[in-house]
Protein chains: 2
Amino acid sequence: MIYEPNQCPIRFGLGVFGDHWSLLIIRDMMFRGHTRFQDFLDAGEGISTNVLSDRLSRLEAQQIISRQKDPSNGRQVIYELTDKGKDLLPIMLTIFAWAEKYDPKTRVSKELAERIRTDLFGARDEILATIKQSI
Amino acid sequence: MIYEPNQCPIRFGLGVFGDHWSLLIIRDMMFRGHTRFQDFLDAGEGISTNVLSDRLSRLEAQQIISRQKDPSNGRQVIYELTDKGKDLLPIMLTIFAWAEKYDPKTRVSKELAERIRTDLFGARDEILATIKQSI
DNA sequence: TATATTGCTTGCGATTTGCAAGTGATGTTA
DNA sequence: TAACATCACTTGCAAATCGCAAGCAATATA
């Protein structure tokens with residue numbers, strides 16, 4: 001595994017969601033079905049309009065989301081996750097499972113968290129050791 | 001970085017790694033075995049000393065890493081991942097798999113990426129549909 | 001035609017960042 | 001033991017980014 005700056009998957013990921021807002025926008029699209037500018041503003045996170053506008057542009061440029069006019073209402077724009085965006089689900093799920101384990105306030109289905117953990121958390125140290133040797 | 005206690009796991013995660021540098025520091029500890037201040041500076045990412053200092057403090061405060069003086073060299077400090085920090089591995093791995101799929105430059109073992117994907121990516125739309133109903 | 005809604009953009013002060021230059025504690029060398 | 005080097009920071013400051021409020025153009029509704 002090579003970690004040249006531009007060959008690093010973590011850096012690539014950070015380029016997409018390495019800021020305070022992008023992951024929240026993706027979460028709202030993924031789990032809350034948000035599709036419009038106003039939806040994100042109303043989500044209660046306190047994002048400002050200029051930053052929201054900027055993040056939506058970036059996410060569109062990175063093909064995480066698509067942007068199209070609502071044919072039935074010319075004022076509205078519909079934002080939707082692309083396949084690339086939907087494929088961020090496993091990342092979301094592992095964050096769910098981790099938060100469920102360490103944040104007493106987080107409310108995630110224990111069933112879901114358990115499923116994810118048995119898939120990946122269980123072999124943590126093993127996997128870590130294996131990976132380190134291949135770097 | 002803002003952390004407002006919520007019941008959302010994504011917000012909880014963002015409180016830990018929702019900035020440009022924290023995940024890179026964790027990556028360096030997890031996969032490159034970095035333990036010292038200078039290690040992170042030399043990693044070639046261009047983090048500045050004041051920001052590095054700040055992020056190490058925050059990560060320690062959040063119990064993602066531990067901080068102790070090197071008993072064999074009083075000038076040096078040893079930073080290490082806690083269990084809470086090591087448990088971020090699945091999040092790292094899912095980022096790996098996602099980047100391997102979408103970033104042509106990312107170099108990750110295809111075997112590893114495939115394993116992660118078959119565990120979690122395969123049932124993406126199914127899982128998404130199930131989760132949406134429960135949120 | 002007048003007004004409301006929607007998705008932005010603009011202006012500006014406040015916060016955060018990157019960069020360079022310290023600083024103090026500790027270790028090494030002559 | 002005196003001089004110097006190393007290490008983990010801290011400080012000061014200009015520049016970038018951010019939050020907030022206001023404004024704007026296009027479209028819809030009354």
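Remember, predicted model here, so these are calculated numbers, not experimental data. Each chain gets a letter, A, B and so on, in the order the sequences are listed, and its residues count up from 1. Note: hydrogens, waters and symmetry copies are ignored here, and every other heavy atom, side chains too, is used.
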Between atom [atom1] in [X] and atom [atom2] in [N], what is the gap in whole Å?
X       : N      : atom1 : atom2 : result
B/Asp19 : D/dA16 : CG    : C1'   : 16 Å
A/His34 : C/dG7  : NE2   : P     : 13 Å
B/Leu41 : C/dC19 : CG    : C1'   : 13 Å
A/Asp39 : C/dT5  : CG    : P     : 16 Å
A/Gln76 : C/dT5  : CD    : P     : 12 Å
B/Gln68 : D/dA8  : CD    : C1'   : 15 Å
B/Leu52 : D/dC7  : CG    : P     : 14 Å
A/Ile47 : C/dG7  : CD1   : C1'   : 14 Å

Considering only heavy atoms, which members of residues 54-67 of chain A lie under 4.0 Å from some atom of DNA chain D?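 A/Arg55 - these, ordered by number, are the residues of the stretch whose heavy atoms sit under 4.0 Å from the strand.
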
Scan for salt bridge (charged side-chain N to carboxylate O under 4.0 Å, His left out) pairs involving residues 61-73 of chain A, sequence neighbours excluded, and state none if there are none.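 Passing the test, one end in residues 61-73 of chain A: no pairs.
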
Drop me the distance from A/Leu14's CG to B/Ile95's CD1, to the nearest 0.5 angstrom.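 Here the rounded value is 7.0 Å.
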
How many angstroms lie between CZ in B/Arg55 and CD1 in B/Ile64, if you round to the nearest 0.5 Å?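 It is 14.0 Å, given to the nearest 0.5 Å.
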
I'd like to know if A/Glu45 pairs up with A/Arg27 as an ion pair, taking the criterion as any Lys NZ or Arg NE/NH1/NH2 lying under 4.0 Å from an Asp or Glu carboxylate oxygen.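 A salt bridge is present here (some side-chain N lies under 4.0 Å from a carboxylate O).
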
Does A/Asp39 come within less than 4.0 Å of A/Arg36, counting only side-chain N to carboxylate O?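 Result for this pair is yes, salt bridge flagged.
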
Just so I know, are the side chains of B/Glu80 and B/Gln68 near enough to count as touching, which here means a heavy-atom distance under 4.5 Å?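 They are in side-chain contact.
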
Within less than 4.0 Å of OP1 or OP2 of C/dT16, is there a side-chain N or O belonging to B/Trp21?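 False: B/Trp21 side-chain N/O out of range (4.0 Å or more) of C/dT16 OP1/OP2.
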
So, is A/Ser53 close to the C/dT9 phosphate, meaning a side-chain N or O under 4.0 Å from OP1 or OP2?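 For A/Ser53, the contact criterion (side-chain N or O under 4.0 Å from OP1 or OP2 of C/dT9) is met.
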
For A/Phe96 together with A/Phe31, are the ring centres under 6.0 Å from each other?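 Ring-ring flag for A/Phe31/A/Phe96: true, centres closer than 6.0 Å.
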
Could you check, using the six-membered ring where one of them is a Trp, whether A/Phe12 and B/Trp98 have ring centers closer than 6.0 angstrom?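 That pair passes the under 6.0 Å test.
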
Side chains of B/Ser57 and B/Asp54: do they bring a donor and an acceptor to under 3.5 Å?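 No, B/Asp54 and B/Ser57 have no side-chain donor paired with an acceptor closer than 3.5 Å.
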
With the sugar-phosphate defined as primed atoms, P, OP1 and OP2, and the base as all remaining atoms, what B/S/- string results for nucleotides 20-30 of chain C, 5' to 3', for protein heavy atoms under 4.0 Å? BB----BS---

Both B/Gln38 and A/Ser48 contact DNA chain D. Taking the nearest nucleotide for each, which residue is further toward the 5' end?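 Its nearest nucleotide lies further toward 5', so the answer is B/Gln38.
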
